Amino acid sequence: MQVIMAENAGFCYGVDRAVKKVYKELDNHPLYTYGPIIHNRQVVEALEKKGVTIIHSIEELDQHEPGTIIIRSHGIPKQDYEEIEKRGYTIVDATCPYVKRIHQIVAKCKGNGNILIIGNKDHPEVRGILGWCDNQAMVVQTTEEIDRLHLPKDEPLGIVVQTTFNRMNYKKLIEKIQKKGYDVDIYDTICSATEEIQTEAYKLAQQVDKMIVIGGKHSSNTQKLFNICQSQCENTYHIETLDDLELNVFNEDDIIGITAGASTPKNIIEEVYINVRNTARI
Ligand code: SF4
């Protein structure tokens, strides 16, 4: 059995930065995160044990004693910053700089034509972006939605894309939009970290018999990684931790690939890697 670990598996720059910011603030009480700091249950539970409380909404802020609150890497709408500050909380902003850049772009485009966000309208990152252009943007993620677009051709159309959007799908959507003859201003805001993880996972999945994707069940980037790997390797397993993995599915002559979503901590990845490798030696 051969086990190949993807080089780019695990925490991306923005997630690493956000989690480090929380750990740096642990001496401050009370300490909150606005939403789970990342989509990884194990990391969130470890922080809760250290006294970090998750606040899920603006309304919930009123139920707590004001303290330090950390904004997660996905970012939040502009109005939420104002609401948080109004209630006396101190903000530590861990919004990923790549997401911040999108906020700045849509804020600049606002009032100058239309704005189109390519992404999932229910994802917190997209909801945050909408809040930087007064919710005046349209959100699309399928070619059918592009077909249904009817926008004035004499007004500029600023286009941004969710950082974790799949590049191949993005290209298809952009081609469709361009064919409609709008006056487009395209900002390719897909994050290179996501792309690197996805491209490497795509190639690795082609070379192996079985593929393991580690990451939170609610993590959109892990889900995408799983879909990419499964498209190339039908024996792809999505697990959160080693506990979810049936080690007896692996055969002696299998080549196994391992990758992990951008919100998966190193210790979980290493534990899976070590155990799969040890299985190989039995
Ligand atoms: S995936 Fe990219 S944009 Fe998202 S947090 Fe990580 S580095 Fe930032």
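The structure displayed is predicted, hence computed values, not measured ones. Atoms within a ligand are numbered from 1 in the order they appear, just like the ligands themselves.
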Inset, instruction - Specify the protein heavy atom at minimum distance from atom 7 (S) of ligand 1: its residue, its atom name, and the distance to 0.1 Å. - result: G14 N, 3.4 Å

Legend entry - Flag side-chain contact, heavy atom, 4.5 Å: K108 against H103: no

Inset, instruction - Using a 4.5 Å cut-off on heavy atoms from C-beta on, say whether the side chain of D183 contacts that of L157. - result: no

Inset, instruction - Determine whether I255 and M1 make a side-chain contact, defined as any pair of heavy atoms from C-beta on separated by less than 4.5 Å. - result: no

Inset, instruction - Run the numbers for me: atoms of ligand 1, each under 4.0 Å from some heavy atom of T194, listed by number. - result: 1 (S)

Legend entry - I118 side chain reached by I174 side chain, heavy atoms, under 4.5 Å: yes

Legend entry - Identity of the nearest option to atom 2 (Fe) of ligand 1, non-hydrogen atoms only, from C12, A262, C191, G261: C191

Inset, instruction - Report, in ascending order of atom number, the atoms of ligand 1 lying under 4.0 Å from any heavy atom of T163. - result: 3 (S), 4 (Fe)

Legend entry - L149 side chain reached by L116 side chain, heavy atoms, under 4.5 Å: yes

Legend entry - Backbone or side-chain N/O/S of C96 under 2.8 Å of atom 6 (Fe) of ligand 1: no

